[in-house]
Every structure is written in structure tokens, then in C-alpha cells.
Amino acid sequence: MVIDGFFGDTGKGKVISYIALKDRLDVCARGGAGPNAGHTVVYKGRTYKLRMVPSGFVYEGCRLYIGAGVAVNPEVFLREVEETGVRGRIGVDRQCAIIEQRHIEADRRGHLKGKIGTTGSGTGPCNSERAMRTVKLAREVPELQEFLADVALEVNEAIDAGKKVLIEGTQGTFLSLYHGTYPYVTSKDVTASAACSDVGVGPTRVDEVIMVLKAYVTRVGAGPLPGELPWEEAQRRGWAEVATVTGRRRRAAPFNFDLARRAAMLNGATQIALTKLDVLYPECSGARGYDELPEEAKRFVSEVEEKVGVPVTLIGTGAEALDMVDLRAEKGLL
Ligand code: IMP
Ligand code: MG
């Protein structure tokens, strides 16, 4: 499983696309809230911004799923299926909740838009209707018929058969409805346990929980961000990012060890993927071997490992899927 230890946007898309290619994943199943999440994948010079299709799509042998816990916007889903060319190898659970126009309108007009700064994707209103048991499900949507699947059954069967299965979490630990900075959170829990439940896989079946942490922290929308820097300072440091889904500025702060430690606890993290190290240390750019990293960068990696208490096994050194230092084999975690 791959989940996010901060507020989202740590680079899950990049980490998952790397693992899919490198490990030749058989299955990649997306959990999470819905199309409020944007995962960026850069592969062979092309940039994909995915809100529904799992990031493992880059490996052509990988079967893709969207778990029952996820809210689906059929229009966004069908557009991405065409863009990525995955028709024939993607399944949507029959019980995914469907986002309709009225949910999007409610999200854009509602009290949460101004107060929390939601993505306006309709995910929150859809999930609230789901709790009221008035939401439409994927099995009722004609355009989705060819994609419908029993995702829980198919993913569990793949695990039984010894296949390589990855569950893709979305958002970030501190956007969790239960464990995050309430009320400045998304509309459901998004920790590792929730991602299991989204797909329909029991916690005893998960071998590794890879928690993605970016070398600095960003947050879009309202809510606390300890150590937040002014936008001009974020720009100066190269940390000034723009959101994938909404195009809003991401607020930025230095790496936060307290949050990282708590996220490791909440998710039962067994490995850390540390991304965007090349932004902190430009000499790292494109490195694929640990020895290529400057001493200062290695010290930061060790500090993360020691203070969070979880091994750093993957280190992101650029946007391209394969720009990664992979220490999993060396650390006996592959
Ligand atoms: P909602 O999920 O659209 O209801 O938005 C609630 C809060 O979560 C807002 O602060 C959003 O900016 C934030 N949020 C939701 N999904 C993501 C994500 O994938 N990345 C970063 N922030 C997110
Ligand atoms: Mg994102």
C-alpha cells in the first residue's frame, strides 16, 4: 500500500508509477475519497494528471481498479480512460458512489467552499449523500456497465494467487475526517486502514505500508500548517507549487518531524518514500544511486529515518517516474 503522511500532494503518483514499472505490478487498486485528489505521473516525457485512474497505469501489464469506497465522477473517469488508453484493463466497483452535477454545484456554492476551501469536485456532498443512503451507485450508470467489477473479490483473488498488488491511497493523513485537522479535512478517513476498506482488503493481507513524505510540507485550502512560510519565501526556495485539481497555490512549510512521526503511527508505516529531495538539494537531480547523493542530502535522509523510526527505502530525485533511488533490496524490504 502507498499512502500520504502529510496533507496530500507528496508525490504518490510518482512513487506508484515507479513501483508499477520497476516491480511489474499485476494489480493497482485505487482507494480514497474521489476525484478531489490529483495524482501527477510523468512518464516518457508525458505528464498525466489523474483524478480517477490509478497511477499504476504506466505499466501495461497492470490491471487497474477503483475500490467501492471511492466516489466516481463518470465524466472525469471516461475522459481519463481515453487519455491513458486503459480501456479493457480497468474495473470500477459496482458499489462506487456516483458524483452528479448537483453534488458539484453544492460543493461550489456550499458553506464548506469558503470556510475550508474544498476542491469543488462534488466529493464531499456525494459522500454525505452516501451516508444518508440516497446516493446513486456505479451499477446504475449505463456508461459504466462495461467497467463494472467486484473489486474486493478480484483483488483478494489476485493476492491469493501470489500476484503483486498495490493499493493506492489518496489525499493525506492530516486531511482524514477522523485523524486530521478537523474541520479542515476531506469527507472521509484516508489513512491506511481506510484505503484497505475502500478496496475491500483486510488489514492482515497488507505486507508493506509505504508512507510518502515530501522533503517539505504543502497544503492546499484552509487549516493549520505549522511553520508556514510566506509565498515569496516558498518561491525563493522552489517550494511554490500549484494544485493539480484546482490550480490554487499550495501553502508551504519546512519538513515536519512531529507530523511525520504521528502519521507513521496512524498508518502503521513500514517504509518511507521521501520525495522531491532534488528540490532541497539540486545536486540530487535525476540520481538513481545512493552514492550519487551529496553528504548533506544523505544526512537529511538519516535524520528522517531516525526521528520517524521507519526506514527510508525510496528517494525521489525528479519528476520522471524512474528518477528514484531504490534502497528496498539493500534494506531487505523487497
Ligand atoms: P474536499 O476533499 O474537496 O472536500 O476538500 C477538503 C479539503 O481537503 C480542502 O482543504 C482540499 O484542498 C483538501 N484536499 C482534498 N483532496 C486533496 C488532495 O488530493 N490533495 C490535497 N488537498 C486535498
Ligand atoms: Mg495531489
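We count ligands from 1, going down the list as the structure has it; atoms in each ligand are counted the same way. All of these numbers come straight from a predicted model, not from anything done at the bench.
No side-chain N or O of Asp278 forms a donor-acceptor pair with one of Thr317 less than 3.5 Å apart. Side-chain contact annotation: Ser121 with Asn73, donor-acceptor N/O pair under 3.5 Å absent. Side-chain atoms of Glu154 and Tyr65 include a donor-acceptor pair closer than 3.5 Å. In this model, a donor atom of one side chain and an acceptor atom of the other lie less than 3.5 Å apart for Arg250 and Thr244.
Contacts with ligand 1 closer than 4.0 Å are made by no heavy atom of Thr246, backbone or side chain. Contacts of Leu175 with ligand 1, taken as heavy-atom pairs under 4.0 Å, involve the side chain alone. Under 4.0 angstrom from ligand 1, the non-hydrogen atoms of Phe7 all belong to its backbone. Within the 4.0 Å heavy-atom criterion, the part of Arg248 lying near ligand 1 is the side chain and not the backbone.
Put simply, Gly38 gets within reach of the Mg ion (ligand 2), with an N, O or S atom under 2.8 Å from it.
For atom 4 (O) of ligand 1, the nearest non-hydrogen atom of the protein is Thr118 CG2, 3.5 Å. Nearest protein neighbour of atom 3 (O) of ligand 1, counting heavy atoms only, is Thr119 OG1, 2.6 Å. For atom 19 (O) of ligand 1, the closest non-hydrogen atom of the protein is Ala37 CA, 3.1 Å. Protein heavy atom in closest approach to atom 10 (O) of ligand 1: Val220 O, 3.2 Å. Protein heavy atom at the shortest distance from atom 11 (C) of ligand 1 is Gly117 O, 3.6 Å. Shortest contact from atom 21 (C) of ligand 1 to any protein heavy atom: Asp9 OD2, 3.0 Å. Distance from atom 16 (N) of ligand 1 to its nearest protein heavy atom, with residue and atom name: Gln171 NE2, 3.1 Å. Of the protein's heavy atoms, Thr186 OG1, 2.6 Å lies nearest to atom 2 (O) of ligand 1.
Not a single heavy atom of Thr170 lies less than 4.0 angstrom from ligand 1.
Under a 4.0 Å criterion applied to the non-hydrogen atoms of Gly221, ligand 1 contributes the atoms 10 (O). If you number the atoms of ligand 1 from 1 as listed, the ones under 4.0 Å from a heavy atom of Val185 come out as 6 (C), 7 (C).
Checked against a 3.5 angstrom limit, the closest N/O atoms of Asp107 and ligand 1 fall outside it.
Its N, O or S atom nearest to the Mg ion (ligand 2) is what matters here, and for Asp9 that atom is OD1.
Note: Tyr216 and Trp239 have parallel aromatic rings, judged against thresholds of 30 and 60 degrees for the angle between ring planes. Using a 30° and 60° split on the angle between ring planes, Phe300 and Phe257 fall in the perpendicular class, above 60°.
Residues that satisfy the side chain to side chain donor-acceptor pair (under 3.5 Å) test with Thr181, not counting sequence neighbours, are Arg219.
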> What's the verdict on salt bridge (charged side-chain N to carboxylate O under 4.0 Å, His left out) for Glu105 and Arg102, showing C-alpha distance, side-chain angles and the deciding distance?
Replying inline: CA-CA 5 Å; Glu105 277 154 26; Arg102 68 171 189 284; over 6 Å; no
> Step by step, would you call Arg237 with Leu229 a side-chain contact (heavy atoms from CB on, under 4.5 Å)?
Replying inline: CA-CA 10 Å; Arg237 299 187 187 196; Leu229 300 170; 3.8 Å; yes
> Could you walk me through whether Leu213 and Thr10 pass the side-chain contact (heavy atoms from CB on, under 4.5 Å) check?
Replying inline: CA-CA 6 Å; Leu213 298 172; Thr10 53; 5.7 Å; no
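Checked against the 6.0 Å centroid threshold, Phe6 and Phe255 count as a close aromatic pair.
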